[in-house]
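The structure under discussion appears below in the form of structure tokens.
As the structure is a computational prediction, the values presented were derived from the model and not from experiment. Every chain is numbered from 1 and lettered A, B, ... according to where its sequence line falls, protein lines coming before strand lines.
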There are 2 protein chains.
Amino acid sequence: MRHTYHDIECCAAKVALDQISGKWKPIIIFHLSAGPRRFSELWREIPRVSKKVMLEQLRQLEAATLVERTVHNGFPPEVTYHLSGKGQQLAPILQQLEQWALTHIEGVVQIS
Amino acid sequence: MRHTYHDIECCAAKVALDQISGKWKPIIIFHLSAGPRRFSELWREIPRVSKKVMLEQLRQLEAATLVERTVHNGFPPEVTYHLSGKGQQLAPILQQLEQWALTHIEGVVQIS
DNA sequence: CGGTATCCTTAGGGATACTG
DNA sequence: CAGTATCCCTAAGGATACCG
């Protein structure tokens with residue numbers, strides 16, 4: 001992702017948001033923050049995404065070094081994804097955002 | 001914006017992010033967090049957006065009750081936009097996101 | 001199982017001109 | 001000044017089938 005002069009000058013938050021925006025990225029991060037997942041697990045936990053799009057989102061998160069990918073040798077193939085340090089440091093901020101949503105956005109309720 | 005069952009169940013943060021996602025919304029919030037702005041001011045501060053899109057983004061922020069719009073009578077017309085309480089409470093979270101970007105994202109530097 | 005390859009659809013955004 | 005009205009176009013996402 002290229003950042004324009006204007007983005008960088010005005011609003012580093014925008015640059016951050018760009019890295020986690022995308023229809024499924026926050027949900028992926030949410031699930032990975034509970035621990036590593038193999039591709040198929042993650043895919044089962046997030047229904048309604050096509051495999052292709054799921055992969056795209058993961059690749060973008062990798063490119064932003066928010067998520068890391070591990071290939072375990074053997075058959076059948078096993079690949080796991082987990083949050084990087086950078087990704088983990090994002091988690092508390094997302095939790096605050098979550099809290100903000102819970103207090104301000106109608107119809108958003110916590111499901112422990 | 002409708003939220004799916006899945007969004008609400010899994011990730012209130014996603015719902016929050018939806019309200020501030022959009023190509024220009026973070027930048028608009030950034031500028032408004034420094035105080036109210038009339039439309040033309042804001043538009044001058046954010047070059048490269050078309051007036052139409054700028055309006056759309058503002059309308060969406062209004063719909064999410066992040067931004068409020070005040071019409072001052074007189075001629076020429078004067079309309080100002082400012083952050084609502086909800087919007088102001090978002091500011092510190094965005095600042096943390098900003099800090100996170102500054103420490104983790106290459107090429108993002110602070111311009112006091 | 002994890003991943004490509006194809007093809008298709010749409011919403012988001014951009015350019016420009018016009019109006020009260 | 002603030003706001004519509006048109007028209008256009010591309011990137012993001014979706015469906016489906018196939019591969020090692």
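For the pair B/E68 (side chain) and B/L83 (backbone), a donor-acceptor distance under 3.5 Å is absent.
Contacts of residues 53-78 of chain A with DNA chain D (heavy atom under 4.0 Å): A/V53, A/Q57, A/P77. Annotation: proximity of residues 34-41 of chain A to DNA chain D (heavy atom, distance under 4.0 Å) is found for no residue.
In terms of phosphate contacts, B/Y81 brings a side-chain nitrogen or oxygen within less than 4.0 Å of OP1 or OP2 of D/dG3.
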Open item on the list: Pair B/H82, B/V67 - check side-chain contact (heavy atoms from CB on, under 4.5 Å), show working.
Closed with: CA-CA 6 Å; B/H82 65 277; B/V67 161; over 6 Å; no
Task: Evaluation steps, side-chain contact (heavy atoms from CB on, under 4.5 Å), between A/L32 and A/R37 - done: CA-CA 7 Å; A/L32 289 185; A/R37 294 279 188 280; 3.8 Å; yes
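Considering every non-hydrogen atom in both B/Q19 and B/A64, the closest pair reads OE1-CB, 3.6 Å. Nearest heavy atoms, B/P26 versus A/L17: CG-CD1, 3.7 Å. Across all non-hydrogen atoms, the minimal contact from A/W24 to A/R48 is CZ2-O, 3.9 Å.
Judged by distance alone, with hydrogens and angles left aside, B/K23 brings no side-chain donor or acceptor close enough to the base of C/dG13 to form a pair under 3.5 Å.
Checking A/Q60, A/E45, A/Q57 one by one against A/I28, the side-chain contact (heavy atoms from CB on, under 4.5 Å) holds for a single residue, A/Q57.
The nearest whole Å value for the distance from the CH2 atom in B/W43 to the P atom in D/dT4 is 14 Å. Straight-line distance from the CZ atom of A/R48 to the P atom of D/dG14: 9 Å, rounded to whole Å. Going from atom NZ of B/K51 over to atom C1' of D/dA5 covers 13 Å, rounded to whole Å.
Under a 4.0 Å N-O distance rule, the pair B/R59/B/E62 qualifies as a salt bridge.
For B/K52, the side-chain atoms get nearest to C/dG14 when compared with the rest of D/dG14, C/dG2, C/dG14.
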